Undergrad: 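Take this structure, written in structure tokens, and hold onto it; I'll ask about it next.
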Amino acid sequence: MRSGQPCAGDVSDTMTKTRLPPLPMLDWKPDGTPVSEEIGDVYFSVEDGLEEARSVFLAGCGLPERWRGRSGFTIAELGFGTGLNFLAAWQMWREHKPSPDAKLHFVSFEGFPLPKAEAERALSRWPELGAFAEALLAQWPERMRGVQTMEFPDGVRLTLHIDEIADALPRSAFFADAWFLDGFAPAKNASMWEEALYPHIMARSRKDARIGTYTVAGAVRRGLSAAGFQVQKAPGFGRKRERLEAVCEVPVALPADTYALSAWAAPPRKIAIIGAGIAGACAARRCMDAGADVSVFEQADKIGAAASGNPLALVMPRLDTDDTVVARTALEAYQAARMFYAGRAGVKRVDTVQIARGEADQLKFEKLRADPPLDENRLAFGADHSLVHKASLMLTPEQLLPDLLQGADLHLGHRVKIDAHARSVNGAPFDAIILANAMVVTEFELAAWLPLSGRLGQVEYTNAQDPELSAIAGRHYALAAGDLRLWGASFEPYAGGKLNVCETARTENALGLKLLGCSDWSDLPAIQSRVGVRATTPDKLPLCGALPDLPKAVEVFAGLRQGKQVARDMPRLDGMFIISGLGSRGFGYAPLMADILVSRLFDWPLPTEQDVAEGLSPVRFLLRGLKRGQY
């Protein structure tokens with residue numbers, strides 16, 4: 001609902017942008033209507049916020065009639081606020097869903113996220129939304145800048161961008177069928193209605209997309225008209241005499257798809273996934289949940305046979321002090337992993353203590369203390385220069401991987417032959433093929449050019465007498481779950497060949513235990529070792545996206561060799577995708593990488609920013625290589 005950030009010339013002029021998004025300052029009217037003290041405006045109509053949502057936004061965008069016969073529909077909103085508009089749309093969707101498998105996507109933007117308790121208080125005045133509000137509050141978004149995605153019953157998916165609108169909207173990637181423009185009043189919150197935003201709204205609109213808003217301010221009418229919308233006034237709600245409706249009557253011109261991020265031509269029904277580690281398992285689960293039939297091919301005779309098969313795994317955030325693509329990828333991936341793994345087999349919440357490894361870490365941790373990217377519910381600071389990651393995750397892959405792969409058609413113990421142009425695996429045709437088998441992807445000609453390198457990861461593990469649940473991390477980590485103890489891990493270059501347990505790595509892991517304060521673990525009996533290979537990239541970011549048709553791409557983008565700008569679509573191998581290069585954070589990165597691929601396969605809103613998706617696209621290395629004269 002009505003929200004956003006303070007207007008230019010008001011509070012924001014005196015504020016420095018921090019990693020944490022600011023909280024709103026609220027006052028409450030006697031009837032329970034929340035009021036922004038910074039803006040001096042209500043979050044929704046004092047007459048009846050729910051009826052306003054139904055009249056101004058739902059009916060104003062021609063709903064539910066406009067989604068009849070559709071397999072999917074996307075609503076975008078400026079100003080998430082209490083989430084009331086989302087709940088009203090969800091309720092209408094449940095009552096008028098066009099088909100059992102149809103999907104409703106709701107993309108919203110918020111600069112000042114409400115605390116959960118305040119949202120609960122605001123929504124409590126509508127008992128008829130009780131079940132919907134309870135479900136939303138159970139997944140209430142974290143206070144962090146970036147993109148968060150939540151799944152709900154009835155095929156409803158919420159993608160929430162938390163940041164200043166001038167930053168968040170241009171970096172988003174989706175196409176809306178309807179828009180709810182519900183920022184605070186333009187006269188009081190000008191930044192949500194800046195003239196520069198309307199072309200971005202148009203660029204993210206499908207033909208015939210409709211806009212509903214409560215305001216008829218002249219600047220809003222002129223901004224929408226200048227961007228290409230046909231604008232008209234309509235009867236207002238409550239005390240407001242008029243409101244606006246607008247429609248996009250012409251197709252939007254699309255920019256060049258240089259990074260091969262455009263959605264797949266048609267939703268795939270049959271998908272092959274190569275690899276049954278955590279990347280393949282997450283991709284399989286996401287694709288099956290989207291309605292596809294999935295076949296998983298694994299050359300080993302069991303799932304999780306490689307690096308994903310350790311007895312325990314840890315998911316904790318990588319926190320950086322700067323707002324970079326790497327930092328946002330890591331933070332958004334951590335949040336996506338927490339949401340995706342919640343309630344699954346073999347998943348436990350644990351507070352992870354991260355110990356500073358030296359002076360550089362101490363300085364970094366002090367910077368994080370001064371400007372944290374997560375709030376006190378997720379991040380605490382110890383007196384000994386340590387970080388405490390609250391509610392991070394301890395995973396048991398032996399339980400988690402089968403749970404994720406349930407329902408997939410598994411083919412174990414056979415090497416595969418891929419024909420990229422026929423989109424076939426061992427002669428069987430598929431609509432799409434996803435390579436998700438770490439370093440093994442380089443054995444396929446279509447991916448052999450990618451600059452992946454292997455790193456050996458050796459861990460040690462054994463049993464102890466006393467049950468425990470704890471996690472300590474630094475350069476190494478030490479995990480306890482029940483009577484199982486696991487520690488490591490090495491990260492040495494892999495030159496190929498047979499994998500052997502290394503005594504040097506065992507000694508280094510024991511030294512790591514000492515630095516973590518767990519040196520007595522190395523005296524436990526019957527210690528076993530396990531080694532796997534992690535796939536890494538030169539820039540430490542995963543590979544996630546469509547694979548290019550290399551010869552054609554080199555020809556199309558040849559001008560890059562001479563320093564020319566080339567704005568062209570990237571030639572692709574139709575239906576060929578990859579997830580690899582997850583390094584030592586495979587369990588943390590895999591859910592978001594799989595979600596990004598599914599969004600491209602099924603034409604869903606991108607669950608991260610455009611520049612993050614570009615930073616993950618495998619074609620980034622092709623474009624860089626051409627500029628350096630390597631192709």
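All of these numbers come straight from a predicted model, not from anything done at the bench.
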Undergrad: A side-chain contact here means heavy atoms from C-beta on lying under 4.5 Å apart; do Glu77 and Phe109 qualify?
TA: no
Undergrad: Set out, in order, the CA-CA distance, both residues' side-chain angles and the distance that settles side chain to side chain contact (heavy atoms under 4.5 Å, CB included) for Asp289 and Arg285, then state yes or no.
TA: CA-CA 6 Å; Asp289 288 348; Arg285 184 73 271 147; 3.2 Å; yes
Undergrad: Can a donor-acceptor pair be found between the side chains of Gln335 and Arg338 at a distance below 3.5 Å?
TA: yes
Undergrad: Just wondering, more than 12 heavy atoms not from Glu37 lying within 6.0 Å of its CD?
TA: yes
Undergrad: Under a 3.5 Å threshold, yes or no: a donor from one side chain and an acceptor from the other, between Ser99 and Asp101?
TA: no
Undergrad: Could you check whether any side-chain N or O of Asp48 sits under 3.5 Å from a backbone N or O of Leu50, counting only pairs where one atom can act as donor and the other as acceptor?
TA: yes
Undergrad: Keeping the roles fixed (side chain from Arg572, backbone from Ala260), state whether a donor-acceptor pair exists under 3.5 Å.
TA: yes
Undergrad: Apply side chain to side chain donor-acceptor pair (under 3.5 Å) to the pair Thr33 and Arg125, showing each step before the final yes or no.
TA: CA-CA 9 Å; Thr33 303; Arg125 62 187 294 179; 2.8 Å; yes
Undergrad: Kindly assign one of parallel, tilted or perpendicular to the pair Phe86 and Phe80, based on the angle between their ring planes and the thresholds 30° and 60°.
TA: tilted
Undergrad: Side chain of Glu609, backbone of Asp611: donor and acceptor closer than 3.5 Å?
TA: no
Undergrad: Donor-acceptor check, side chain of Trp140 to backbone of Leu114, threshold 3.5 angstrom: yes or no?
TA: yes
Undergrad: Does Trp179 have Arg210 sitting over its ring (NZ/CZ under 6.0 Å from centre, angle to axis within 45°)?
TA: no
Undergrad: Which of these, Arg70, Lys207, Arg66, sits in a side-chain hydrogen bond (donor to acceptor under 3.5 Å, both in side chains) with Asp177?
TA: Arg70
Undergrad: On a heavy-atom basis, which atom in Glu242 and which in Lys233 lie closest, and how many Å separate them?
TA: OE2-CD, 3.4 Å
Undergrad: Closer than 4.0 angstrom, basic N to acidic O: yes or no for Arg600 and Asp257?
TA: no
Undergrad: Return yes if some donor-acceptor pair links the side-chain N/O of Arg269 with the main-chain N/O of Asp293 below 3.5 Å, else return no.
TA: no
Undergrad: Applying salt bridge (Lys or Arg N to Asp or Glu O under 4.0 Å) to Asp154 and Lys103, what does each step give before you reach the verdict?
TA: CA-CA 8 Å; Asp154 307 311; Lys103 303 286 186 182; over 6 Å; no
Undergrad: Check the pair Asp371 / Thr321 against side chain to side chain contact (heavy atoms under 4.5 Å, CB included), numbers first and verdict last.
TA: CA-CA 8 Å; Asp371 188 18; Thr321 57; over 6 Å; no
Undergrad: Less than 4.5 Å apart, side chain to side chain, heavy atoms only: is that true for Phe106 and Pro605?
TA: no
Undergrad: Under 6.0 Å between ring centres, would you say that holds for Trp126 and Phe44?
TA: yes
Undergrad: Do Leu137 and Lys116 touch side chain to side chain, with heavy atoms closer than 4.5 Å?
TA: yes
Undergrad: So if I apply the side chain to side chain contact (heavy atoms under 4.5 Å, CB included) rule between Leu181 and each of Ile201, Thr215, Val56, Leu197, which one comes out positive?
TA: Ile201
Undergrad: Over 60° means perpendicular and under 30° means parallel, so tell me whether Trp604 and His105 are parallel, tilted or perpendicular.
TA: tilted
Undergrad: Start with the C-alpha distance between Leu623 and Val566, add both sets of side-chain angles, then the distance that settles side chain to side chain contact (heavy atoms under 4.5 Å, CB included), and finish with yes or no.
TA: CA-CA 10 Å; Leu623 299 175; Val566 182; over 6 Å; no
Undergrad: Strictly distance-based, threshold 3.5 Å: is any side-chain N or O of Lys97 a donor or acceptor partner for the main-chain N or O of Pro100?
TA: yes
Undergrad: Using a strict threshold of under 4.0 Å (side-chain N to carboxylate O), is an ion pair present between Arg243 and Glu245?
TA: yes
Undergrad: How are the rings of Phe57 and Phe180 set to each other: parallel, tilted or perpendicular (split at 30° and 60°)?
TA: tilted
Undergrad: Just checking, Arg344 and Phe340: is the charged tip under 6.0 Å from the six-membered ring centre and within 45° of the axis?
TA: yes
Undergrad: May I ask you to test the Pro24-Ser36 pair for a side-chain heavy-atom distance under 4.5 Å?
TA: no
Undergrad: Given the rule in the side chain to side chain contact (heavy atoms under 4.5 Å, CB included) test, do Trp264 and Asp574 qualify, once you have shown the distances and angles that lead to the verdict?
TA: CA-CA 8 Å; Trp264 185 229; Asp574 287 346; 3.5 Å; yes
Undergrad: With a sphere of 6.0 Å drawn around CD of Glu151, does it hold more than 12 non-hydrogen atoms of other residues, nucleotides or ligands?
TA: yes
Undergrad: Run the salt bridge (Lys or Arg N to Asp or Glu O under 4.0 Å) test on Arg143 and Asp375 for me, step by step, so that the C-alpha distance in whole Å, both residues' side-chain angles and the decisive distance to 0.1 Å come before the verdict.
TA: CA-CA 6 Å; Arg143 185 187 172 198; Asp375 69 10; 5.1 Å; no
Undergrad: Please check if the side chain of Arg157 supplies one atom and the backbone of Val107 the other of a donor-acceptor pair under 3.5 Å.
TA: no
Undergrad: For Leu592 versus Ala336, what's the shortest heavy-atom pair and its separation?
TA: CB-CB, 4.0 Å
Undergrad: Using 30° and 60° as the class boundaries, would you call the ring planes of Trp90 and Phe152 parallel, tilted or perpendicular?
TA: tilted
Undergrad: Do Ser617 side-chain atoms and Ala613 backbone N/O form a donor-acceptor pair below 3.5 Å?
TA: no
Undergrad: Report the residue from Val612, Val147, Thr608 that forms a side chain to side chain contact (heavy atoms under 4.5 Å, CB included) with Arg328.
TA: Val612
Undergrad: Can any side-chain N or O of Asp539 pair as donor or acceptor with the backbone N or O of Leu541 at less than 3.5 Å?
TA: yes
Undergrad: Do the non-hydrogen side-chain atoms of Tyr341 and Pro591 ever get within less than 4.5 Å of each other?
TA: yes
Undergrad: Which atoms form the tightest heavy-atom contact between Asp320 and Arg19, and what is the distance?
TA: O-NH1, 2.5 Å
Undergrad: Would you say Gln148's side chain and Glu142's backbone share a donor-acceptor pair under 3.5 angstrom?
TA: yes
Undergrad: When you check the gap from the basic side-chain N to the acidic O, do Asp167 and Arg171 get nearer than 4.0 Å?
TA: no
Undergrad: When you compare the side chains of Ser172 and Arg204, does any donor N or O come within less than 3.5 Å of an acceptor on the partner?
TA: yes
Undergrad: Hey, is NZ on Lys367 packed in by over 12 heavy atoms from elsewhere, all under 6.0 Å?
TA: no
